Amino acid sequence: RAKSSGRGRAERFDDRYAAEASARLRLDAELRHALANDELICVYHPEIDLAGGGLYALEALVRWQHPSRGLLSPDDFVPHAETVGLIGILFEQVLDQVLTAQDKWETEFGWRPTVAVNVSPRQLTDSRLVKVVLAALEAHDAPASALILEVTETALVDDSVMTGTLAELRRHGVAVAVDDFGTGYSSVSRLADRHWDALKIDRSFVSGITEDPAREGVVHAMIALAHALQLRAIAEGVEDEPTLAKLRELGCDAAQGYLYTRPVDAAEISKMIIRSPQWNPATITTAA
Ligand code: C2E
Ligand code: MG
Ligand code: MG
Ligand code: MG
């Protein structure tokens with residue numbers, strides 16, 4: 001094997017290339033089938049307001065209920081959907097599920113939890129995004145203020161089309177959050193350009209703040225930066241009580257993580273809302 005000829009290597013390379021190409025083709029066909037047959041579902045992950053204990057928002061996270069491979073995570077298919085131009089359809093399906101779930105929660109509980117939806121970078125340079133969002137809101141008679149779009153920080157290049165899209169969405173009342181903050185390359189001037197409502201501090205910075213003073217200092221500085229720019233600071237990936245206590249001490253506005261729950265489906269969120277009357281904005285107003 002070690003002495004294999006160049007020709008042997010080339011054959012193995014061809015085989016691997018062929019195997020990868022056929023796997024991609026299969027994924028492609030299966031994903032198209034999934035989109036046509038409602039195999040994509042949303043789970044929801046609460047973001048808790050640290051000052052009042054209310055629900056800040058629910059983040060919608062897509063899953064693929066694959067007929068033979070089980071429940072697939074977004075990392076298994078979202079990048080592919082982006083590459084082959086299916087991300088727009090995926091987004092529309094997610095948005096529709098989110099608004100349908102909100103309709104149901106509103107009927108059940110008399111209030112509409114805000115939901116954050118992830119958008120892929122390339123959707124922001126597509127003029128259809130604003131139309132799709134506004135049409136979906138209108139179809140559900142839903143207020144734009146109940147929607148947050150999350151844009152990963154690695155996508156925040158200085159692009160005038162992208163900036164225009166964000167500005168238009170915000171003009172209509174849709175909030176925008178910078179996701180995975182700390183992992184990208186955004187300049188302070190980009191963050192200061194007033195197209196944002198919140199910074200979500202990436203899990204890689206949040207985990208370990210109770211053990212490492214340097215990390216704590218970095219997260220503290222991130223929260224201060226958010227506040228200086230008049231943005232909310234949200235911590236991702238909070239897994240234990242000491243981390244939560246530390247974030248509170250540092251003045252973080254909201255937290256999300258396995259400490260509270262794993263992401264769950266819409267029916268499970270209904271049960272949580274029943275168990276968590278403090279999530280209801282009306283309760284918070286009366287308590288204050
Ligand atoms: P994200 O938007 O940064 O979402 C947070 C991810 O971290 C989620 O993984 C969530 O389950 C996970 N997470 C939250 N709290 C904790 C924690 O305490 N510990 C740990 N270990 N993990 C935690 P998930 O659902 O696998 O999503 C991964 C990424 O896929 C998301 O990262 C987002 O970028 C992307 N994604 C998810 N849904 C969609 C979608 O509908 N559209 C697009 N374009 N991307 C999506
Ligand atoms: Mg997100
Ligand atoms: Mg992300
Ligand atoms: Mg994130």
Side-chain angles (χ1 to χ4, degrees), residues 31 34-35 39-48 56-65 70-99 101 114-126 129 132-133 136 147-156 175-184 186 196-210 219 222 232-244 246-247 252 254-266 268-269:
L31 187 56
L35 287 163
E39 286 172 14
L40 299 189
I41 55 158
C42 277
V43 290
Y44 299 88
H45 205 203
E47 300 175 8
I48 305 299
Y56 175 83
L58 295 165
E59 179 175 10
L61 296 160
V62 70
R63 300 285 182 266
W64 179 359
Q65 186 66 68
L71 200 63
L72 301 184
S73 79
D75 296 333
D76 297 326
F77 60 93
V78 166
H80 181 80
E82 289 173 340
T83 315
V84 299
L86 292 172
I87 197 68
I89 305 166
L90 184 150
F91 174 79
E92 284 184 48
Q93 294 197 358
V94 167
L95 189 59
D96 187 60
Q97 285 190 34
V98 162
L99 292 165
T114 300
V115 178
V117 179
N118 291 282
V119 286
S120 291
R122 65 185 60 209
Q123 294 180 262
L124 294 168
T125 51
D126 183 338
L129 181 68
V132 164
V133 170
L147 203 59
I148 302 171
L149 295 183
E150 294 193 0
V151 186
T152 184
E153 198 203 6
T154 49
L156 298 190
V176 180
V178 176
D179 204 351
D180 312 320
F181 179 61
T183 64
S186 54
W196 326 104
D197 298 277
L199 294 184
K200 289 187 82 173
I201 302 169
D202 193 68
R203 176 161 62 92
S204 59
F205 295 92
V206 172
S207 64
I209 54 169
T210 54
V219 169
M222 288 168 142
R232 312 298 300 277
I234 303 162
E236 298 187 301
V238 181
E239 295 187 347
D240 53 67
E241 285 290 351
T243 302
L244 183 67
K246 180 62 80 181
L247 288 164
C252 195
Q256 177 183 36
Y258 292 173
L259 170 66
Y260 297 105
T261 174
R262 298 271 168 153
V264 293
D265 66 21
E268 200 57 44
I269 290 290

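In each ligand, atom 1 is the first atom listed, and ligand 1 is the first ligand listed. Quantities reported herein were computed from a predicted structural model and do not represent experimental measurements.
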Atoms of ligand 1, numbered as shown, that sit under 4.0 Å from any heavy atom of [X]:
X      : value
Glu236 : 3 (O)
Asp179 : 1 (P), 2 (O), 3 (O)
Ser120 : 44 (N)
Glu239 : 17 (C), 18 (O), 19 (N), 20 (C), 21 (N)
Gly257 : 15 (N), 18 (O)
Val94  : 41 (O)
Pro263 : 11 (O)

On a heavy-atom basis, I'd like to know which of [options] is closest to [atom].
atom                    : options              : value
atom 26 (O) of ligand 1 : Pro74, Pro46, Ala177 : Pro74
atom 33 (C) of ligand 1 : Val62, Asn118, Leu40 : Asn118
atom 25 (O) of ligand 1 : Arg63, His45, Gln93  : Arg63

If I compare all heavy atoms of [X] with all of [Y], which pair ends up nearest, and what's the gap?
X      : Y      : result
Ala266 : Ala101 : CB-CB, 4.2 Å
Arg63  : Ser73  : CD-CA, 4.5 Å
Tyr260 : Ala255 : CE1-O, 3.7 Å
Val115 : Tyr44  : CG1-CE2, 4.3 Å

Using modelled atom types only, decide if a donor and an acceptor are shared between the side chain of [X] and the backbone of [Y] within a distance under 3.5 Å.
X      : Y      : result
Glu153 : Thr183 : yes
Asp197 : Val176 : yes
Gln256 : Ile234 : no
Gln97  : Leu40  : yes

TODO: Could you establish whether Thr152 and ligand 1 come within less than 4.0 Å of each other, counting only heavy atoms on the residue side?
DONE: no
Looking only at distances, can you tell me whether any N or O atom of [X], backbone or side chain, sits closer than 3.5 Å to an N or O atom of ligand 1?
X      : answer
Glu82  : no
Gln123 : no
Asp180 : yes

With rounding to 10 degrees, Glu150 OE1, the Mg ion (ligand 2) and Glu59 OE2 define an angle of 90°
- Message: Under 2.8 Å from the Mg ion (ligand 2), is there any N, O or S atom belonging to Thr152?
- Response: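 So Thr152 does not count as coordinating the Mg ion (ligand 2).
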| message | To 10 degrees, how wide is the angle OE2 (Glu236) to the Mg ion (ligand 4) to OD1 (Asp180)? | response |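 About 140° at the Mg ion (ligand 4).
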Restricting Asp179 to its N/O/S atoms, the closest one to the Mg ion (ligand 2) is OD2
| request: Check each of Val178, Asp180, Leu124 against Val151 using the side chain to side chain contact (heavy atoms under 4.5 Å, CB included) test, and report the only one that passes. | output: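 Going through the options one by one, the only one that passes is Leu124.
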Rounded to the nearest 0.5 Å, the CD atom of Gln123 sits from the CG atom of Asn118 at a distance of 10.0 Å
Q) Can you find a side-chain donor-acceptor pair between Asp202 and Ser204 that sits under 3.5 Å? A) yes
